Structures are given as C-alpha cells and as structure tokens.
K.L.:
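Have a look at the structure that comes next, please.
In this text the structure is predicted, and so the values were computed from the model without any measurement. Lettering follows sequence order; numbering is per chain, from 1.
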There are 2 protein chains.
Amino acid sequence: MLQRKNTIAIVDDHPIVIEGLIRLLSKKPEYEIVGGFTRGEEFISFLKKAKAKIVLLDIMLPDINGMDLCKTIKTISPDTVVLAFSNYQERSAILQMLANGASGYLLKESSIEEIVICINEALNGQITFSKIVKEIIARPQLSESQDFAQLTVREKEILKLIADGKTTNDIAEMLFLSKFTVENHRKNLLQKLKAKNVADLIRHATLQNLI
Amino acid sequence: MLQRKNTIAIVDDHPIVIEGLIRLLSKKPEYEIVGGFTRGEEFISFLKKAKAKIVLLDIMLPDINGMDLCKTIKTISPDTVVLAFSNYQERSAILQMLANGASGYLLKESSIEEIVICINEALNGQITFSKIVKEIIARPQLSESQDFAQLTVREKEILKLIADGKTTNDIAEMLFLSKFTVENHRKNLLQKLKAKNVADLIRHATLQNLI
DNA sequence: CTACTTATAGCTGTTTTCAGCTATTTTTGA
DNA sequence: TCAAAAATAGCTGAAAACAGCTATAAGTAG
C-alpha cells in the first residue's frame with residue numbers, strides 16, 4: 001500500500017483564490033490537490049465518490065451556506081478535516097463553524113506562512129486558527145456587546161421569556177405587570193436590537209449571546 | 001508604578017484542587033494568587049472590588065452554573081481572562097464556554113506542564129486548550145446532529161427566511177408561493193420542532209444548529 | 001437640583017400569526 | 001408501480017404582535 005498523501009480540496013467562489021492555493025500548495029510534495037470547487041454542491045458530489053483529507057472551505061458560497069456545507073461534509077465524510085477559509089471576522093461565525101465541525105478558521109488575509117502552518121496543524125488533528133482569529137475569539141466581545149445595545153435587567157428578563165415562547169400576556173401574568181408594560185418592553189427590545197419582529201429579535205439576541 | 005503581576009484567581013468547588021493549584025503556581029514568581037473560591041457568588045463579590053488577570057474556572061459549582069458565571073465575569077470585568085478548568089469532556093460544553101467568553105478549556109486530568117503552558121498562552125491573549133480538548137473539538141460529532149428533526153429542504157429554506165425576520169407574505173412573494181403554502185410550512189416547522197410560536201421556533205432551531 | 005433613564009400603564013388600529021381543517025399535484029422510495 | 005411524503009393551495013376565526021402615540025412615578029448621574 002502506498003503512503004497516504006494529504007489530499008486537499010478547495011471550495012471557494014473565487015477561482016483566483018483556488019488557483020492561488022493550488023499554486024502555493026503544489027510546491028510541497030506532501031500535498032496533493034484533488035480538486036477546486038466554486039460551488040458547494042459540486043464538492044458534495046465529489047465527496048460522495050472520492051476522498052479528501054482536508055478541505056479549505058469558504059463560508060460565502062453562491063449556492064449554499066458554508067456553515068451548513070460544513071455540517072454536510074462532516075456527515076458524508078467524518079474524517080475529512082474542514083478548515084474554514086473566510087473573510088468573515090465575526091466571533092459568532094467562527095464559533096458557529098467550530099460547532100458545525102470545522103477544525104479551524106483561517107482569515108483570507110493570512111500570510112502564506114500562516115496558511116501553511118494552519119493546514120499542517122489541522123492535518124495533525126489539532127484545531128487551529130490564524131493569529132487574528134485567535135484574538136477575535138480570545139477577546140471578550142468588546143466590539144460586539146458594546147455598540148450592541150446593552151439591555152436593562154428588566155428587558156433581559158423579558159427577552160428570555162420571549163425566547164422561551166411566552167406570549168405578552170403570559171409574561172404580564174408571570175411578572176405581575178400590565179400587558180401594556182410588557183408590550184412596551186417588547187417594542188424597546190425590537191428597537192434596541194434593530195429587529196423587525198420576534199424571529200429577528202431572537203436571532204440577533206442569540207448571535208449576541210444575550211440569551 | 002509597579003510592574004503588573006499576573007494575578008490569578010481560582011474558582012473550584014473542591015478546596016483540594018484550589019490548594020494544589022496554589023502550590024503549583026506559587027512556585028513561579030511571575031504569578032500572584034489573589035484568591036481561591038468554592039462558590040461563584042464569592043468570586044463575583046471579589047471581582048467587584050478587586051481585579052484578577054486570569055481566573056481558572058470550574059464549570060461545576062454548587063451555587064451557579066459555570067457557563068453563566070463565565071458570562072457574568074466577562075460582563076463585570078471584560079479584561080479578566082477566563083480559563084475553563086473542568087472534568088466535562090462534552091464538545092457542546094466546551095463550545096458553550098467559548099461562546100460565553102472563555103479563553104480556553106483545560107481538563108482537570110491535564111498534566112502540570114500542560115496547565116502551566118495553557119495558563120501562559122491564555123495570558124498572552126491566545127485561546128488555548130489542553131491536548132484532549134483539542135481532539136474533542138477536532139473530531140466530528142456523530143451522535144449529536146442525528147436525532148434532531150430532519151426538515152425538508154423547503155422547510156429549511158423557509159425557516160431561514162423566518163429567522164431573518166421575513167413575514168409569511170414576504171416569503172410567499174420571494175418564493176413565488178401562495179401565502180397559504182408558506183403558512184403551512186410554517187405550521188409544519190412549529191410542529192416538527194415542537195415550538196409554541198416563532199420565538200420558540202428560532203430558539204430551538206438555533207440550539208439545534210439548523211439556522 | 002435637574003435632566004435622563006427606567007419601569008410602569010394606557011389607547012387605537014392594522015398586520016401577522018396560529019389552530020383547525022380540506023384537498024390536489026408532484027416527487028420519492030420501497 | 002404503488003404508497004408515502006412533500007409541496008402546493010385554500011378557508012375561517014381567534015389570538016397575538018406591532019406601530020405609533022401619551023403619560024407618570026422612581027431612580028440615577030452629572
């Protein structure tokens with residue numbers, strides 16, 4: 001049996017990025033690029049027939065959300081290492097990718113060296129992040145929870161109840177308030193979190209870790 | 001002004017663990033142990049008056065859940081580095097702690113060297129994990145995402161739009177469907193995810209990583 | 001002390017959601 | 001190919017949400 005090469009696939013909607021990565025990685029004999037894909041579906045089809053030890057995965061794709069794609073990849077081929085390769089710097093996006101099975105998160109602005117280091121770390125079974133990503137994860141959500149409305153204690157209390165599926169009337173009864181009061185808190189929550197309706201509200205609150 | 005020492009606090013319900021950490025860390029002149037606490041509340045009170053550069057935080061505490069405590073710590077003192085120090089090996093627990101602002105996750109079974117290394121890395125602003133934790137994060141979760149209600153493609157599509165704050169009519173227009181159709185999908189979503197209303201729906205969907 | 005914020009309460013009218021049904025066509029799987 | 005599942009469309013009526021206002025008491029910070 002031949003020695004297993006580190007087969008690498010690349011999924012990115014910009015062909016030039018794929019090209020660059022191929023050129024970069026082809027120099028190293030221990031790597032073998034098995035494919036570059038601009039659409040998530042293409043890669044999924046590929047993965048059903050062939051194998052890839054590691055995949056560099058952009059989050060922003062034309063046909064499918066990268067978070068979902070990551071989960072799909074891990075379902076089809078649990079041994080494939082997913083390394084997120086993205087422009088997004090949101091803490092929540094990073095954590096989401098990890099939650100969905102990614103082994104690391106690289107920013108596209110990373111240096112060549114950094115990319116190579118991270119790929120190697122990922123291949124060794126480690127989770128790995130580019131420098132800036134580490135900082136983003138490490139720092140408490142300064143940028144986030146700062147400009148993000150800080151809610152009053154009462155508002156947070158009510159937000160949690162809303163998220164729990166309670167209606168305005170439910171909440172009013174539970175907290176011994178008039179339904180009008182609860183309605184107002186609700187309105188303030190929508191406004192503060194710039195949400196259009198409850199669905200939007202809960203999503204924002206969840207992303208901002210308020211629940 | 002004196003040089004800032006690396007002030008360390010320890011929160012753990014087992015005094016013997018606190019004792020061990022104190023003895024271990026006191027040997028290093030660059031560390032200063034400012035307190036050991038067996039209850040979350042005690043530490044919160046402390047943190048309101050004093051400072052700690054880093055806190056080793058057990059997740060299992062008698063009075064308060066470590067996940068919540070972590071968030072509270074980050075709220076009171078955003079600069080304090082929280083390093084989870086726990087027995088729990090669940091992937092979800094690890095990710096939850098990160099999401100709540102922890103800078104790393106150490107298993108209690110870690111070697112002395114590993115603990116010291118991780119503390120140093122955390123102090124340098126990096127996120128850090130003990131070896132086994134890295135493996136846990138890296139390996140895909142097979143059992144988790146299985147039993148979760150499998151939604152149809154259309155349902156997922158509509159779920160996302162709902163989470164995005166779109167109303168039934170919005171969605172109907174966007175997808176060229178009758179509003180009745182969208183209403184039905186909506187009902188099916190509520191039923192499948194056992195949600196009482198949209199708020200509940202989005203929360204469940206978020207927790208189950210469907211969005 | 002004053003101004004601001006928070007929490008409270010109220011009203012009106014419109015829009016949206018939700019529960020409860022039926023029913024047809026299309027797609028899929030066994 | 002036959003049955004099941006999914007997607008589509010429809011209706012009604014009640015409940016809830018939402019927008020847009022006003023207003024007062026209590027507490028807080030400058």
K.L.:
Round to the nearest Å and state the distance from E157(B) atom CD to dA6(D) atom C1'.
P.N.:
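Computing the E157(B):CD to dA6(D):C1' distance gives 14 Å.
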K.L.:
What is the distance, rounded to the nearest whole Å, between atom NZ of K194(B) and atom P of dC18(C)?
P.N.:
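Interatomic distance, NZ of K194(B) to P of dC18(C): 17 Å.
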K.L.:
Given dT16(C), dT8(D), dT17(C), identify the nucleotide with an atom nearest to the side chain of T168(B).
P.N.:
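Taking heavy atoms from C-beta onward, the closest nucleotide is dT17(C).
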K.L.:
Of the nucleotides dG10(C), dT6(C), dA9(D), which has the atom closest to the K192(A) side chain?
P.N.:
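Closest of the options to the side chain of K192(A): dT6(C).
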K.L.:
Identify whether the distance between the nearest side-chain nitrogen and carboxylate oxygen of R203(A) and D200(A) falls below 4.0 Å.
P.N.:
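Answer for the salt bridge query: yes.
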K.L.:
Output all residues satisfying side-chain hydrogen bond (donor to acceptor under 3.5 Å, both in side chains) with S130(B), sequence neighbours left out; order by chain, then residue number.
P.N.:
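Result, side-chain hydrogen bond (donor to acceptor under 3.5 Å, both in side chains) vs S130(B): none returned.
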K.L.:
Quick check on dT16(C): is either OP1 or OP2 less than 4.0 Å from any side-chain nitrogen or oxygen of R186(B)?
P.N.:
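No, outside the criterion.
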K.L.:
Are there over 12 heavy-atom neighbours, none belonging to K131(A), within less than 6.0 Å of that residue's NZ?
P.N.:
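Atom NZ in K131(A) is not crowded, with 12 or fewer foreign heavy atoms closer than 6.0 Å.
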K.L.:
Can you establish whether the number of heavy atoms outside K196(B) located under 6.0 Å from its atom NZ is more than 12?
P.N.:
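For K196(B), atom NZ is crowded (more than 12 foreign heavy atoms under 6.0 Å).
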K.L.:
Just call it for T167(B): base, sugar-phosphate, or nothing, with non-hydrogen atoms closer than 4.0 Å on any strand.
P.N.:
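If one applies the 4.0 Å heavy-atom cut-off, T167(B) turns out to touch the sugar-phosphate alone, with no base involved.
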K.L.:
Measure CD/E173(A) against P/dA9(C) and give the value in whole Å, please.
P.N.:
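Rounded to the whole Å, the gap is 14 Å.
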K.L.:
Considering the options I119(B), N6(B), N120(B), I10(B), which one meets the side chain to side chain contact (heavy atoms under 4.5 Å, CB included) requirement together with I54(B)?
P.N.:
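Looking at I119(B), N6(B), N120(B), I10(B), the match for I54(B) under the side chain to side chain contact (heavy atoms under 4.5 Å, CB included) is I119(B).
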K.L.:
Using five base pairs at each end to define the local axes, how bent is the helix from dC1(C)-dG30(D) to dA30(C)-dT1(D), to the nearest 10°?
P.N.:
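One end axis against the other gives 80°.
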K.L.:
Measure CG/L201(B) against P/dT16(C) and give the value in whole Å, please.
P.N.:
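Between P of dT16(C) and CG of L201(B): 18 Å.
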K.L.:
Could you tell me the separation between the NE2 atom of H185(B) and the C1' atom of dC18(C), rounded to a whole number of Å?
P.N.:
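Rounded to the whole Å, the gap is 16 Å.
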K.L.:
When you get a sec, tell me which of dC21(D), dA7(D), dA19(C) is the closest nucleotide to the side chain of R154(B)?
P.N.:
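Nearest to the side chain of R154(B) among the choices is dA7(D).
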K.L.:
Any donor-acceptor pair, under 3.5 Å, between the side chain of N184(B) and the base of dA9(D), if you only look at N and O atoms?
P.N.:
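Answer yes: a donor N or O sits under 3.5 Å from an acceptor.
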K.L.:
Do any side-chain nitrogens or oxygens of T181(A) fall under 4.0 Å of OP1 or OP2 in dA7(C)?
P.N.:
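Indeed not, no polar side-chain atom of T181(A) lies that close.
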K.L.:
Compare the minimum distances between each of dC11(D), dG10(C), dA7(C) and the side chain of F180(B), then state the nucleotide with the smallest one.
P.N.:
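Shortest atom-to-atom distance from the side chain points to dC11(D).
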K.L.:
Are there over 12 heavy-atom neighbours, none belonging to E30(A), within less than 6.0 Å of that residue's CD?
P.N.:
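Above 12, so yes.
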K.L.:
Just to verify, which of E173(A), E183(A), R186(A), H185(A) counts as forming a side-chain hydrogen bond (donor to acceptor under 3.5 Å, both in side chains) with T168(A)?
P.N.:
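Only match with T168(A) under side-chain hydrogen bond (donor to acceptor under 3.5 Å, both in side chains): R186(A).
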K.L.:
If you pin F176(A) and A199(B) to their nearest nucleotides in DNA chain C, which one's is more 5'?
P.N.:
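The residue mapped nearer the 5' terminus is F176(A).
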K.L.:
Tell me whether the side-chain N/O atoms of N169(A) come closer than 4.0 Å to OP1 or OP2 in dA16(D).
P.N.:
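The answer is yes; a side-chain N or O of N169(A) sits under 4.0 Å from OP1 or OP2.
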K.L.:
Could you state the CD-C1' distance from Q191(B) to dA6(D), rounded to the nearest angstrom?
P.N.:
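That distance rounds to 14 Å.
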K.L.:
Tell me what K179(B) touches on the nucleic acid: a base, only sugar-phosphate, or nothing, going by heavy atoms under 4.0 Å.
P.N.:
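K179(B): no heavy atom of the nucleic acid under 4.0 Å.
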K.L.:
Kindly give the heavy-atom pair with the smallest separation between I171(B) and K166(B), and that separation in Å.
P.N.:
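For I171(B) versus K166(B), the nearest heavy atoms are CG1-CB, 3.7 Å.
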K.L.:
To the nearest Å, give me how far apart CG (L177(B)) and C1' (dT25(C)) are.
P.N.:
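Taking atom C1' of dT25(C) as the reference, CG of L177(B) is at 14 Å.
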K.L.:
Compare side-chain N and O positions of S178(A) against OP1 and OP2 of dG10(C) and report whether any pair is under 4.0 Å apart.
P.N.:
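Looking at the OP1 and OP2 atoms of dG10(C), one of them is under 4.0 Å from a side-chain N or O of S178(A).
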K.L.:
Rounded to whole angstrom units, what separation is found between the CG atom of N197(A) and the C1' atom of dT17(C)?
P.N.:
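Going from CG in N197(A) over to C1' in dT17(C) covers 11 Å.
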K.L.:
Just compare dA7(C), dT12(D), dC21(C) and give me whichever is closest to any side-chain atom of E183(B).
P.N.:
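Taking heavy atoms from C-beta onward, the closest nucleotide is dT12(D).
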K.L.:
Taking for each residue the nucleotide of DNA chain D with the nearest heavy atom, is it A195(A) or L175(B) whose nucleotide lies nearer the 5' end?
P.N.:
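Counting from the 5' end, the first nearest nucleotide belongs to L175(B).
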K.L.:
Would you say T152(A) places a side-chain N or O within less than 4.0 Å of OP1 or OP2 belonging to dA7(C)?
P.N.:
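For dA7(C), OP1/OP2 do have a side-chain N/O of T152(A) under 4.0 Å.
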